[in-house]
2 protein chains.
Amino acid sequence: MAAEGPAGGSASRSKRADAQRNRETVLTAAAEVFVTSGVDAPIRRIAAQAGVGMATIYRHFPTRADLVTAVYQHQIEACAEAGPHLLARAGSPFDALRQWIDIFVDFLVTKHGLADALQSDSDRFAALHAHFLDRLLPVCAQLLDAAVEAGDIRPGTQPYELLRGIGNLCVGRDDDPRYDPRRLIALLLQGLRPHAS
Amino acid sequence: MAAEGPAGGSASRSKRADAQRNRETVLTAAAEVFVTSGVDAPIRRIAAQAGVGMATIYRHFPTRADLVTAVYQHQIEACAEAGPHLLARAGSPFDALRQWIDIFVDFLVTKHGLADALQSDSDRFAALHAHFLDRLLPVCAQLLDAAVEAGDIRPGTQPYELLRGIGNLCVGRDDDPRYDPRRLIALLLQGLRPHAS
DNA sequence: GACAAAACGGAGCGGTGCTCCGGATACTAA
DNA sequence: TTAGTATCCGGAGCACCGCTCCGTTTTGTC
């Protein structure tokens with residue numbers, strides 16, 4: 001709680017220049033390594049790729065979740081912002097929900113191991129899980145509410161449960177032609193529609 | 001392919017007495033450790049619990065998947081056998097499918113980390129995944145076919161996809177009151193029902 | 001009891017997460 | 001420009017893990 005430096009500045013600009021530079025270097029390197037080795041890649045490898053020491057990574061991103069969060073920050077944000085946008089543009093709230101889920105799923109399945117990390121049983125990624133929730137849960141809830149309001153789906157589904165379920169369905173090997181999470185998610189959405197008794 | 005010893009014996013009885021004894025000891029110890037520490041527990045810990053060396057475990061169960069498979073052998077078998085049984089007893093093929101899935105889910109969620117292991121994107125549990133599939137896929141397919149035949153659900157769903165989807169929905173922390181995989185699986189099944197257009 | 005085959009146990013190797021601290025670096029003030 | 005200092009860096013080091021190798025012990029047989 002000590003006083004901040006002069007002129008405060010925004011979140012990540014109140015550091016020394018080399019620190020700021022290294023932060024970016026690490027983020028770039030991590031993004032590259034994540035593509036080839038998944039978000040579970042050894043910190044040593046990321047450090048080597050960035051040409052820095054391990055401690056530098058830990059100093060900027062104390063937990064692995066912090067690093068992953070920072071790397072995918074923009075895409076999480078884009079996904080969150082797509083929600084209201086779709087709600088305004090799509091043909092129906094249900095379509096908006098469906099398209100938003102498509103975006104979310106595309107995001108998850110193209111990042112090797114990200115879905116696994118999100119639902120990991122260990123606590124190593126707790127902060128990542130929390131950040132996804134903070135940012136995306138309200139969006140999902142809004143879309144869900146709108147669809148219920150419009151009578152497109154039955155009420156009673158909890159946004160958290162739906163979001164985690166979708167994430168769960170994206171877990172595991174993504175190169176298996178026998179398994180496409182999108183088909184199951186479509187079934188799930190179908191199950192949400194009102195009974196046409 | 002060398003000649004077997006005298007009196008051959010069934011699968012795991014053609015070894016020396018101490019080996020046979022240790023095999024059982026290890027299985028018991030592993031079952032205990034799995035309950036408290038999950039199926040990812042360190043081999044060292046299981047060895048300590050059993051009072052044997054690590055090499056003994058690796059000798060009897062070359063991969064972790066072999067050990068896990070052996071520990072849960074009986075329950076996998078029971079689950080597989082429940083399929084035809086339910087099909088004969090339940091009110092409808094759909095009910096049979098639903099009840100069988102309940103059994104499967106109960107099995108998964110009560111073994112910490114088992115669902116995670118099954119869908120793990122590493123290859124460490126490949127043999128476990130394969131064994132589950134060998135044993136349960138035909139059962140699931142039979143139940144699915146019967147339900148389609150009876151007109152309870154729409155055709156077109158692949159047993160593998162359904163089984164893996166259910167497994168996926170069981171992944172992650174099992175002590176979160178906000179998330180109950182059974183509710184989502186019920187939705188999934190609902191989505192399988194014919195459109196009452 | 002002697003012998004060989006089988007099984008055992010744990011030291012040891014490579015790899016990983018994370019920390020600690022001596023040294024290098026960037027800003028500040030004179 | 002040059003000192004001085006707070007900040008940051010790098011990698012050695014420790015703990016833990018999976019897995020193997022090999023000298024030792026146990027078991028079954030003659």
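B:Arg16 contributes no side-chain N or O that forms a donor-acceptor pair with the base of C:dA7 under 3.5 Å.
Taking 4.0 Å as the cut-off between side-chain N and carboxylate O, A:Asp106 and A:Arg182 count as a salt-bridged pair. Ionic pairing of B:Arg173 and A:Asp123 is present here: one or more N-O contacts between side-chain nitrogen and carboxylate oxygen are shorter than 4.0 angstrom. A salt bridge between A:Arg89 and A:Asp95 is absent, with no side-chain N of the basic residue lying under 4.0 Å from a carboxylate O of the acidic one.
When the P atom of D:dC9 is taken as reference, atom CZ of A:Arg23 falls 12 Å away, rounded to whole Å. One interatomic measurement links the two molecules: CZ of B:Arg124 to P of C:dT16, which rounds to 14 Å at whole-angstrom precision. Look at CG on A:Asp18: it is 6 Å from C1' on D:dC8, rounded to the nearest Å. Distance B:Gln20 CD to D:dT26 C1': 16 Å, rounded to the nearest Å. We find that CZ of A:Arg64 is positioned 13 Å from P of C:dT19, with the value rounded to whole Å. Taking atom CD1 on B:Ile43 and atom C1' on C:dG12, their separation rounds to 18 Å, with Å as the unit. Distance CG (A:Asp123) to C1' (C:dG17): 16 Å, rounded to an integer number of Å. Protein atom CD1 of B:Ile46 is 14 Å distant from nucleotide atom C1' of D:dC19, rounded to whole Å.
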Might you list the N or O atoms of the protein lying below 3.5 Å from N or O atoms in nucleotides 14-16 of chain D, with each pair's distance?
none

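In terms of phosphate contacts, A:His60 brings no side-chain nitrogen or oxygen within less than 4.0 Å of OP1 or OP2 of D:dC8. In terms of phosphate contacts, B:Arg21 brings a side-chain nitrogen or oxygen within less than 4.0 Å of OP1 or OP2 of D:dT27. At least one side-chain nitrogen or oxygen of A:Asn22 sits closer than 4.0 Å to the OP1 or OP2 atom of D:dC9.
Residue whose closest nucleotide on DNA chain D sits further toward the 5' end, between A:Met54 and A:Arg59: A:Arg59.
Between A:Phe132 and A:Phe104, the two ring planes are tilted [angle within 30° to 60°].
Checking B:Glu81, B:Glu77, B:Gln73 one by one against B:Arg135, the side-chain hydrogen bond (donor to acceptor under 3.5 Å, both in side chains) holds for a single residue, B:Glu77.
At a non-hydrogen distance threshold of 4.0 Å, nothing from residues 65-73 of chain A comes into contact with DNA chain D.
Checking side-chain atoms of B:Arg154 against main-chain N and O of B:Gly191 turns up a donor-acceptor pair under 3.5 Å.
We find the CD1-CD1 distance between B:Ile185 and B:Ile101 to be 7.0 Å, quoted to the nearest 0.5 Å.
Donor-acceptor pairing under 3.5 Å is lacking for the side chains of A:Thr69 and A:Asp66.
With distances taken from any side-chain atom of A:Tyr58 to the nucleotides D:dG18, C:dG9, C:dT19, the minimum falls on C:dT19.
Closest approach of A:Val139 and A:Gly83 over heavy atoms only: CG1-CA, 3.6 Å.
If you chain together hydrophobic residues whose side chains sit under 4.5 Å apart, A:Leu143 and A:Leu169 fall into the same group.
Contacts of B:Ala55 with the nucleic acid, taken as non-hydrogen atoms under 4.0 Å apart, include base atoms.
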